[in-house]
Novice: 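Here it is, the structure, as structure tokens.
Just so it is clear, the values below take in all heavy atoms, side chains as well, and ignore hydrogens, waters and symmetry mates. Letters go in sequence order (proteins before strands), and every chain restarts at 1.
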Number of protein chains: 2
Amino acid sequence: MSQRPSAVRGVRDHGRDGRTTRADPRLGVDALVPPVPADQAGRELLARFYRALGDPTRLALLAFCAEGERTGTECVAHAGLSQGRVSAHLSCLVDCGLLEVRRVGRFAYYQVTDPRVCELVALGTSVVADHAASIAACTRVAPDR
Amino acid sequence: MSQRPSAVRGVRDHGRDGRTTRADPRLGVDALVPPVPADQAGRELLARFYRALGDPTRLALLAFCAEGERTGTECVAHAGLSQGRVSAHLSCLVDCGLLEVRRVGRFAYYQVTDPRVCELVALGTSVVADHAASIAACTRVAPDR
DNA sequence: CAGAGATATCTGCTTATGCGGATGATACCT
DNA sequence: AGGTATCATCCGCATAAGCAGATATCTCTG
């Protein structure tokens with residue numbers, strides 16, 4: 001079946017079969033393991049949350065609504081898409097906890113209020129800045145057709 | 001065209017037309033605006049990055065490779081999917097800066113090394129914990145067909 | 001109450017993305 | 001060299017998810 005990679009081949013030895021582990025002192029204790037849910041359902045939820053951030057239109061709306069409260073109509077004008085589509089995007093962002101909505105009469109005021117959302121975006125932006133070229137080249141999982 | 005929402009209607013007045021803004025003292029200065037790129041191309045990159053996190057299989061692989069270096073074959077066994085698919089997932093994660101790969105002979109050792117990745121996952125998990133029900137209900141943007 | 005504006009939802013279409021399985025390219029072992 | 005294991009890429013297929021446009025609701029104004 002699957003072979004064990006044969007140990008240490010001239011590369012610096014740092015573990016039983018030449019591999020680093022979290023116990024490896026080179027990595028330090030603060031390089032924590034990400035708290036990804038162990039159950040499939042939890043991972044599906046987390047994945048769905050990240051997918052909500054995985055659309056350029058929603059990111060633009062998020063930035064727009066971070067500057068202050070915005071009505072749906074203002075968001076439509078800003079996004080330049082159909083009213084129905086923008087409404088759906090906004091609902092999605094609210095459902096995922098990325099945006100809050102305050103309803104007054106026939107108006108809906110959207111705004112980013114959770115500071116974690118800003119941190120999340122800041123971290124993402126930071127990583128992207130370091131890998132822009134390869135991310136641009138990554139045609140995701142499916143080949144570029 | 002679009003009406004201006006008429007100002008202040010009994011609700012607490014906190015702005016020109018009853019809306020909060022980032023200048024609103026209630027929000028404080030540390031409630032920063034998320035640094036979403038102003039250009040469409042930059043947002044597309046950032047969105048693509050988040051989409052890489054938006055798949056339960058990739059999240060599972062990320063967690064698996066955070067515990068220490070893992071070979072491709074080990075990842076295949078852990079994910080329980082076809083070898084080709086897992087390989088593509090891993091390449092995607094590497095391209096997006098979420099995973100690093102070290103190649104030795106015919107083996108590829110994958111591992112999470114960037115602490116920002118862990119922070120990113122921790123933040124996401126935290127927000128998801130507060131909105132689990134509505135995220136589960138959010139059939140994304142497309143209606144549930 | 002009738003008309004207009006603001007939102008949300010539904011329909012049908014198109015593209016993106018996940019999947020298995022085949023194929024190909026290397027590296028390792030005997 | 002020949003056989004096998006590891007990993008990457010390609011193919012065709014099925015579903016997810018984005019989009020515009022049409023309605024459907026509800027609210028406000030006159």
Novice: Please state how far atom CG in B/L81 lies from atom P in C/dT17, giving the value in whole angstrom units.
Specialist: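 Answer to the nearest Å: 18 Å.
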Novice: I'd like to know if B/Q83 reaches the base of D/dA8 with its side chain such that a donor and an acceptor end up less than 3.5 angstrom apart.
Specialist: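 Per atom types, the contact qualifies.
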Novice: Roughly how many Å is it from CG in A/D55 to C1' in D/dC19, rounded to a whole number?
Specialist: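 Spelled out: CG on A/D55 to C1' on D/dC19 is 11 Å.
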Novice: State whether B/Y109 places a side-chain N or O below 4.0 Å from either non-bridging phosphate oxygen (OP1 or OP2) of D/dT6.
Specialist: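 So the side-chain polar atoms of B/Y109 never come under 4.0 Å of the phosphate oxygens OP1 or OP2 of D/dT6.
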Novice: Distance check needed: D/dA8 P versus B/L93 CG, whole Å only.
Specialist: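 The answer, rounded to whole Å, is 12 Å.
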Novice: Does any N or O in the side chain of A/R58 come within less than 3.5 Å of the main-chain N or O of A/A52, such that one atom is a donor and the other an acceptor?
Specialist: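 Yes, the answer is positive, given that a donor and an acceptor are paired below the 3.5 Å cut-off.
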Novice: Where the side chain of B/S82 is concerned, which of D/dG18, C/dG20, D/dC7 is the nearest nucleotide?
Specialist: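 Looking only at side-chain atoms, B/S82 lies closest to C/dG20.
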Novice: Check whether any side-chain N or O of B/R58 sits under 4.0 Å from OP1 or OP2 of C/dG18, and answer yes or no.
Specialist: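 Indeed, a polar side-chain atom of B/R58 lies that close.
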Novice: Can you tell me how far apart CG (B/L53) and CZ (A/R51) are? Round to the nearest 0.5 Å.
Specialist: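 Result: 11.5 Å between the selected atoms.
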Novice: What are the two closest non-hydrogen atoms of B/C118 and A/P35, and how far apart are they?
Specialist: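 That closest heavy-atom pairing would be O-CD, 4.2 Å.
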Novice: With respect to B/C96, which candidate in B/L99, B/L98, B/V94, B/L93 satisfies the side-chain contact (heavy atoms from CB on, under 4.5 Å) definition?
Specialist: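 Single side-chain contact (heavy atoms from CB on, under 4.5 Å) partner of B/C96 among B/L99, B/L98, B/V94, B/L93: B/L98.
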Novice: Which part of the nucleic acid does B/L90 contact within heavy-atom distance under 4.0 Å: base, sugar-phosphate only, or nothing?
Specialist: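 The answer is nothing, as B/L90 stays clear of every strand by at least 4.0 Å.
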Novice: Rounded to the nearest angstrom, tell me the gap between atom CZ in A/R70 and atom C1' in C/dA6.
Specialist: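 That distance rounds to 17 Å.
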Novice: Do the side-chain N or O atoms of B/R51 get closer than 4.0 angstrom to the phosphate oxygens (OP1, OP2) of C/dT17?
Specialist: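 Indeed, a polar side-chain atom of B/R51 lies that close.
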Novice: Tell me: CZ of B/F107 to P of D/dT4, nearest whole Å?
Specialist: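 One finds 17 Å between P of D/dT4 and CZ of B/F107, rounded.
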Novice: For C/dA8, take OP1 and OP2 only and decide whether either is under 4.0 Å from a side-chain N or O of A/R103.
Specialist: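 Yes.
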Novice: If I take atom CG in residue B/D95 and atom C1' in nucleotide C/dT17, what distance separates them, rounded to the nearest angstrom?
Specialist: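 From B/D95 CG to C/dT17 C1': 16 Å.
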Novice: From the set D/dA5, D/dG18, D/dC7, return the single nucleotide nearest to any side-chain atom of B/R106.
Specialist: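 Nearest to the side-chain atoms of B/R106, counting from C-beta on, is D/dA5.
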Novice: Between A/G84 and A/G54, which is nearer to the 5' end of DNA chain D once each is assigned its nearest nucleotide?
Specialist: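 Whichever sits nearer the 5' end wins; that is A/G54.
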Novice: Using the side-chain heavy atoms of A/T73, tell me which of these nucleotides is nearest: C/dG18, C/dT7, D/dT9.
Specialist: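 Nucleotide nearest to A/T73's side chain: C/dT7.
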Novice: Look at the side-chain N and O atoms of B/H89 and state whether any lies under 4.0 Å from the OP1 or OP2 oxygen of C/dC19.
Specialist: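 Yes, within the criterion.
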Novice: Does B/T57 make a side-chain N or O approach to OP1 or OP2 of C/dC19 shorter than 4.0 Å?
Specialist: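 B/T57 to C/dC19 OP1/OP2: side-chain N or O found under 4.0 Å.
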Novice: Answer yes if A/F64 and A/V76 sit in the same cluster of Ile, Leu, Val, Met, Phe, Trp and Tyr residues linked by side chain heavy atoms under 4.5 Å apart, and no otherwise.
Specialist: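 In one cluster with A/F64: A/V76, no.
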Novice: Using whole Å, report how far OH of A/Y50 lies from C1' of D/dA16.
Specialist: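 So the OH-C1' distance, A/Y50 to D/dA16, works out to 21 Å.
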